[in-house]
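First comes the structure, then the notes that go with it.
Chain A is the first sequence line, chain B the second, and so forth, proteins listed ahead of strands; every chain is numbered from 1.
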Protein chains: 2
Amino acid sequence: MSSSRKDRRATEDYLKAIYYLAEEQDPVSTSRIAEARGTRPASVTKMVQRLDRQGLVRYRKHRGVSLTDAGLQVALSTLRRHRLTELFLAEALGLSWDEVHEHAEVLEHAINDRLEERMDAVLGYPEFDPHGDPIPAKDGTIAEINARPMASLPVGCKARVARIVDDTNSELLCYIEGLGLVPGIEVEIKQIEPFEGPITLKVDGERRVVGHKVAAMILMTLCS
Amino acid sequence: MSSSRKDRRATEDYLKAIYYLAEEQDPVSTSRIAEARGTRPASVTKMVQRLDRQGLVRYRKHRGVSLTDAGLQVALSTLRRHRLTELFLAEALGLSWDEVHEHAEVLEHAINDRLEERMDAVLGYPEFDPHGDPIPAKDGTIAEINARPMASLPVGCKARVARIVDDTNSELLCYIEGLGLVPGIEVEIKQIEPFEGPITLKVDGERRVVGHKVAAMILMTLCS
DNA sequence: ATAGAATATTAGCCTTAGCTAATTTAATAT
DNA sequence: ATATTAAATTAGCTAAGGCTAATATTCTAT
């Protein structure tokens with residue numbers, strides 16, 4: 001039963017992980033994927049070889065993997081479904097923003113084009129999620145945004161704080177201000193742990209570490 | 001990785017199938033399950049042996065399977081999620097009743113207690129779906145209903161038409177009336193194809209075959 | 001009661017996705 | 001430039017769910 005109507009789960013999760021990790025460093029190494037997914041490198045090697053055979057990634061021994069166009073489409077589609085699902089669950093079921101992620105992590109693999117389309121319509125075709133992260137369009141295009149969430153910046157990048165997303169969470173806003181992360185300030189991204197991990201950055205010559213949730217609230221414009 | 005966080009899918013689908021088929025004939029035969037699921041009998045044998053080992057069914061060679069209490073709980077929970085999901089998709093995404101089933105068939109395996117609870121609350125704790133089929137409660141109890149959908153009756157059962165669920169589909173209502181299936185009429189169930197299959201019955205001494213969708217609209221009271 | 005037909009089971013193979021242990025390749029430090 | 005270390009790969013195993021072909025059991029009709 002090679003194909004027919006299979007488990008999208010593993011494939012989509014791998015491609016999504018590779019998509020995220022590639023932001024950090026392009027041919028993504030086996031061990032980074034293993035770390036991100038909580039599996040062993042040997043399992044990753046086998047899987048990326050399969051994905052390569054399916055034309056979803058380009059893999060060269062000891063050299064890492066990159067998404068092909070086809071793989072990128074799948075990753076973006078999965079990301080789109082993830083974000084639409086999060087938004088939808090928050091909207092339609094009144095779940096908190098903290099809570100929706102884990103549910104979406106499962107549901108993103110269980111919804112099809114039709115459901116995606118309906119959710120999109122019901123939500124009014126949103127382009128960004130409450131974190132300020134863009135929701136890829138059906139065709140894979142990502143809304144151009146001059147200000148991007150800090151968490152989406154590449155390592156080594158210098159950028160300026162553009163605005164802090166209003167999460168109606170005044171405690172966090174104060175905390176962020178306290179870190180010196182006020183609009184106009186220039187920071188350099190030193191290190192990003194994938195997914196929910198912390199981000200290390202340099203502000204006014206001083207190193208700081210901020211959590212992923214906080215970083216998602218901080219929109220940045222790149223210093224070219 | 002024996003257990004941890006597995007694919008509920010196959011297990012739940014088997015148990016659900018067995019639950020439905022048992023209504024027709026209790027120890028359910030291998031081949032009935034195979035037919036219902038579109039797999040080969042040999043695969044079913046292996047699977048029910050596994051389910052037996054897990055304590056979800058009782059299986060005796062050549063004699064068929066029955067659900068254990070644990071298996072029944074899983075089947076009812078799955079059924080509950082299926083029906084809540086159908087209702088929720090119709091409500092929240094404006095999908096037609098025809099359409100929701102196939103989506104629910106996938107999603108029922110992807111939602112957890114929390115989502116189930118939220119959907120239930122948002123829907124106002126419904127006890128029946130639009131077909132008139134009861135939605136099992138969290139504890140597995142099924143709302144007592146004197147009138148049951150025709151599709152839920154056992155084969156050989158004699159029952160009286162109680163009412164026709166108003167589907168706001170006047171064509172179907174007329175069609176049903178045309179078959180002589182008016183309230184008060186006594187019919188005998190001759191044969192039920194599982195799931196969406198047709199139902200053969202005897203009305204006024206004449207055999208008739210009605211589709212599952214039609215049968216779901218006809219609520220019956222048993223003639224004791 | 002038994003032959004033949006219908007059902008069910010077993011044996012043996014496949015794929016996916018994981019694991020460990022052993023090996024190979026690449027990177028680093030002297 | 002080579003020895004050591006770190007990272008990646010291969011080999012070989014596991015379990016779930018499928019499949020086919022072969023075998024075994026039960027049912028049915030004589």
OP1 or OP2 of [N] sitting under 4.0 Å from any side-chain N/O of [X]?
{"X": "Tyr59(B)", "N": "dT9(C)", "result": "yes"}
{"X": "Ser29(A)", "N": "dA8(D)", "result": "yes"}
{"X": "Lys61(B)", "N": "dA24(D)", "result": "no"}
{"X": "Arg37(B)", "N": "dG17(D)", "result": "no"}

What is the distance, to the nearest angstrom, from the [atom1] atom on [X] to the [atom2] atom on [N]?
{"X": "Glu35(A)", "N": "dA8(D)", "atom1": "CD", "atom2": "P", "answer": "11 Å"}
{"X": "His62(A)", "N": "dA6(D)", "atom1": "NE2", "atom2": "C1'", "answer": "11 Å"}
{"X": "Asp7(A)", "N": "dA15(D)", "atom1": "CG", "atom2": "P", "answer": "19 Å"}
{"X": "Met47(B)", "N": "dA8(C)", "atom1": "CE", "atom2": "P", "answer": "18 Å"}
{"X": "Arg50(A)", "N": "dT10(D)", "atom1": "CZ", "atom2": "P", "answer": "13 Å"}
{"X": "Arg32(B)", "N": "dT7(C)", "atom1": "CZ", "atom2": "P", "answer": "11 Å"}
{"X": "Gln54(A)", "N": "dT16(C)", "atom1": "CD", "atom2": "C1'", "answer": "10 Å"}
{"X": "Leu56(A)", "N": "dT16(C)", "atom1": "CG", "atom2": "C1'", "answer": "15 Å"}

Hey, does [X] reach any base, or is it just sugar-phosphate, or nothing, if we go heavy atoms under 4.0 Å?
{"X": "Ser31(B)", "result": "sugar-phosphate"}
{"X": "Gln49(A)", "result": "sugar-phosphate"}
{"X": "Thr30(B)", "result": "sugar-phosphate"}
{"X": "Ser43(B)", "result": "base"}
{"X": "Ala42(B)", "result": "base"}
{"X": "Lys46(B)", "result": "base"}

Look at [X] together with [Y] and state whether they make a salt bridge at an N to O cut-off of under 4.0 Å.
{"X": "Arg32(B)", "Y": "Glu24(B)", "answer": "yes"}
{"X": "Asp113(A)", "Y": "Arg81(A)", "answer": "yes"}
{"X": "Asp7(B)", "Y": "Arg9(A)", "answer": "no"}
{"X": "Glu108(B)", "Y": "Arg83(B)", "answer": "no"}

Donor-acceptor pair, side chain of Arg8(B) and main chain of Glu12(B), under 3.5 angstrom: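 The answer is no, because no donor-acceptor pair under 3.5 Å joins these two groups.
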Earlier contact from the 5' end, DNA chain C, for Arg53(A) and Arg40(A):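 The answer here is Arg53(A).
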Arg60(B) or Tyr14(A), whichever maps to the more 5' nucleotide of DNA chain C: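 The residue whose closest nucleotide sits nearer the 5' end is Arg60(B).
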Shortest side-chain distance from Ala10(B), nucleotide among dG17(D), dA17(C), dT10(D):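 When the side chain of Ala10(B) is considered, dG17(D) is the closest of dG17(D), dA17(C), dT10(D).
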Distance (rounded to the nearest 0.5 Å) between Ile111(B) CD1 and His103(A) NE2: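 Going from CD1 on Ile111(B) over to NE2 on His103(A), the span is 10.5 Å.
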